[in-house]
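Heads up, the thing below is written out as structure tokens.
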There are 2 protein chains.
Amino acid sequence: MRILKYAILGLLRKGELSGYDISSYFKEELGQFWSAKHSQIYPELKKLTAEGFITFRTAIQGTKLEKKMYTLTGNGERELAAWLTKKDPIPETVKDEFMLKAYFISALTREEADELFTDQLVKRKEKLSDLENSYHELMTSSEDADSFSSPDFGHYLVLTKALERERNYISWLEDILALIKKA
Amino acid sequence: MRILKYAILGLLRKGELSGYDISSYFKEELGQFWSAKHSQIYPELKKLTAEGFITFRTAIQGTKLEKKMYTLTGNGERELAAWLTKKDPIPETVKDEFMLKAYFISALTREEADELFTDQLVKRKEKLSDLENSYHELMTSSEDADSFSSPDFGHYLVLTKALERERNYISWLEDILALIKKA
DNA sequence: GACATCATGTAAGTAGTTACATGATTCT
DNA sequence: AGAATCATGTAACTACTTACATGATGTC
């Protein structure tokens with residue numbers, strides 16, 4: 001698999017980045033669909049360098065803070081392109097702890113189930129609200145983010161997908177809550 | 001975390017099961033939201049036994065095939081109940097390799113993007129069709145699966161959620177494909 | 001008799017998280 | 001001066017996958 005490898009190669013296609021920069025991207029919208037901790041990123045950068053997919057130069061921040069700025073090599077670009085155009089089967093399982101609990105709902109009373117599902121609904125609505133703010137921000141800062149030729153199209157894709165995912169979760173939760181409350 | 005622990009405890013709440021039986025459940029609808037390979041299940045069963053959450057008796061299948069039938073202990077039931085009613089924060093990241101590729105769409109030509117998204121759409125539609133078949137099966141075999149008091153309600157929940165997830169994915173893919181094709 | 005399925009385990013390796021460890025820079 | 005953020009690394013551990021290994025049962 002080694003998907004983190006491709007996540008890093010993909011992020012580097014626009015220019016040089018430090019390990020810290022890569023980590024920051026995973027805290028933004030991309031983090032809705034992929035992320036990694038710095039303790040996983042730094043060793044992966046070392047490995048990708050050894051494999052010849054990326055190289056780095058050492059830059060100085062301020063007077064002595066050293067940071068490594070990584071860039072894609074030709075080999076790295078080809079490796080990325082091969083992965084991007086490859087058609088994978090869709091995964092059988094997308095793990096969701098809340099849905100695992102839902103499967104065991106017969107172990108709960110109606111009141112307990114109502115509480116659990118209501119709590120989930122509240123949290124999903126909060127998240128939707130955050131995503132809607134990000135969406136409005138993107139659409140006001142970028143004129144044509146929803147156009148294939150825009151450099152913001154990838155950003156637009158992950159944001160709209162995350163928005164739809166949350167809206168879909170909320171509407172399902174509301175439907176199920178109605179069934180839970182039905183005498 | 002140890003979510004597999006709770007998945008096993010939850011499956012055992014209805015009666016005794018072998019490791020193989022647990023593995024079979026992960027290949028059915030529950031597998032849409034949680035699964036584990038047998039190489040992870042058997043050691044976990046051993047651990048849960050040592051911790052006193054489950055016990056087993058040895059049963060004979062045929063004339064000499066031994067299998068271990070596991071049941072919940074009182075401690076196991078309490079452990080399960082505590083997890084089931086606990087309200088967790090929603091995860092920041094739900095990993096999706098296709099969406100990671102989507103984020104990097106600016107590295108693809110319009111034709112490549114069209115191919116990638118069309119392939120995903122075809123696969124999602126096939127999966128939706130499978131899930132619809134399972135849904136019709138459930139609804140004909142069980143009169144009131146959509147009622148809180150039905151023993152099939154948990155099954156109904158995972159199936160309807162998986163169905164909605166795929167429908168949502170499909171409609172988003174169709175919207176984006178229209179944008180990709182737009183000159 | 002062959003093949004699919006039932007049944008259980010371990011070994012080795014990869015992926016990912018949490019904790020340990022350090023130090024510089026920027027902003028208030 | 002203190003706090004938040006920038007910046008990089010390793011160690012220990014947990015979670016998960018793939019491969020190795022074996023044997024019985026049921027069905028055609």
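Heavy atoms only: backbone and side chains are in, while hydrogens, waters and symmetry mates are out. Note on naming: letters A, B, ... go to the chains in the order of the sequence lines (proteins, then strands), and numbering restarts at 1 for each one.
Side-chain proximity of S18(A) to the nucleotides dT17(C), dG9(C), dT8(D) is greatest for dT8(D). Residue S39(A) has its side chain nearest to dT10(D) when only dT10(D), dG9(D), dA7(D) are considered. In the set dC6(C), dT18(D), dG9(C), dG9(C) carries the atom at the smallest distance from any side-chain atom of H38(B). Proximity note for W34(B) (side chain, C-beta onward) versus dT10(D), dC16(D), dT17(C): the nearest is dC16(D).
Between the side chain of T63(B) and the base of dT25(D), no donor-acceptor pair under 3.5 Å is found.
In this structure, K68(B) reaches the dG9(C) phosphate: one of its side-chain N or O atoms is under 4.0 Å from OP1 or OP2. Dashed line: the shortest gap from a side-chain N or O of Q40(A) to OP1 or OP2 of dA15(C) is not under 4.0 Å. Between dA19(D) and K37(B), no contact under 4.0 Å exists linking OP1 or OP2 to a side-chain N or O. Residue Y42(B) places at least one side-chain N or O under 4.0 Å from the OP1 or OP2 atom of dT8(C).
In this entry the distance linking CG of L45(A) with C1' of dT8(D) reads 10 Å, nearest Å. If you take CG of L4(A) and P of dA15(C), they are 9 Å apart, rounded to a whole angstrom. Here dA7(D) presents its P atom at 13 Å from CD1 of I41(A), a figure rounded to the nearest Å.
Among the protein residues, Q61(B) comes within range of the sugar-phosphate backbone only, with heavy atoms under 4.0 Å from sugar or phosphate atoms but none that close to a base. K95(A) comes within 4.0 angstrom of sugar-phosphate atoms only, judged by non-hydrogen atoms across all strands, and of no base. Looking at heavy-atom distances under 4.0 Å, K67(B) makes contact with sugar-phosphate atoms alone, never a base. Within 4.0 Å (heavy atoms only), K64(B) reaches sugar-phosphate atoms of the nucleic acid but no base atom. Residue contacts for K47(B): at a heavy-atom cut-off of 4.0 Å it reaches no nucleic acid atom on any strand shown.
The neighbour count for Y25(B) OH, taken as heavy atoms of other residues, nucleotides or ligands under 6.0 Å away, does not exceed 12.
In this structure, K161(A) is positioned above the aromatic face of Y169(B), its NZ or CZ under 6.0 Å from the six-membered ring centre and within 45° of the axis.
Using modelled atom types, one finds no donor on one side chain facing an acceptor on the other under 3.5 Å when comparing Q32(B) with K95(A). For the 3.5 Å distance criterion, the side chains of D21(A) and S24(A) fail to qualify, holding no donor opposite an acceptor.
By the 30° and 60° cut-offs, the orientation of the rings of W83(A) relative to Y6(A) is parallel.
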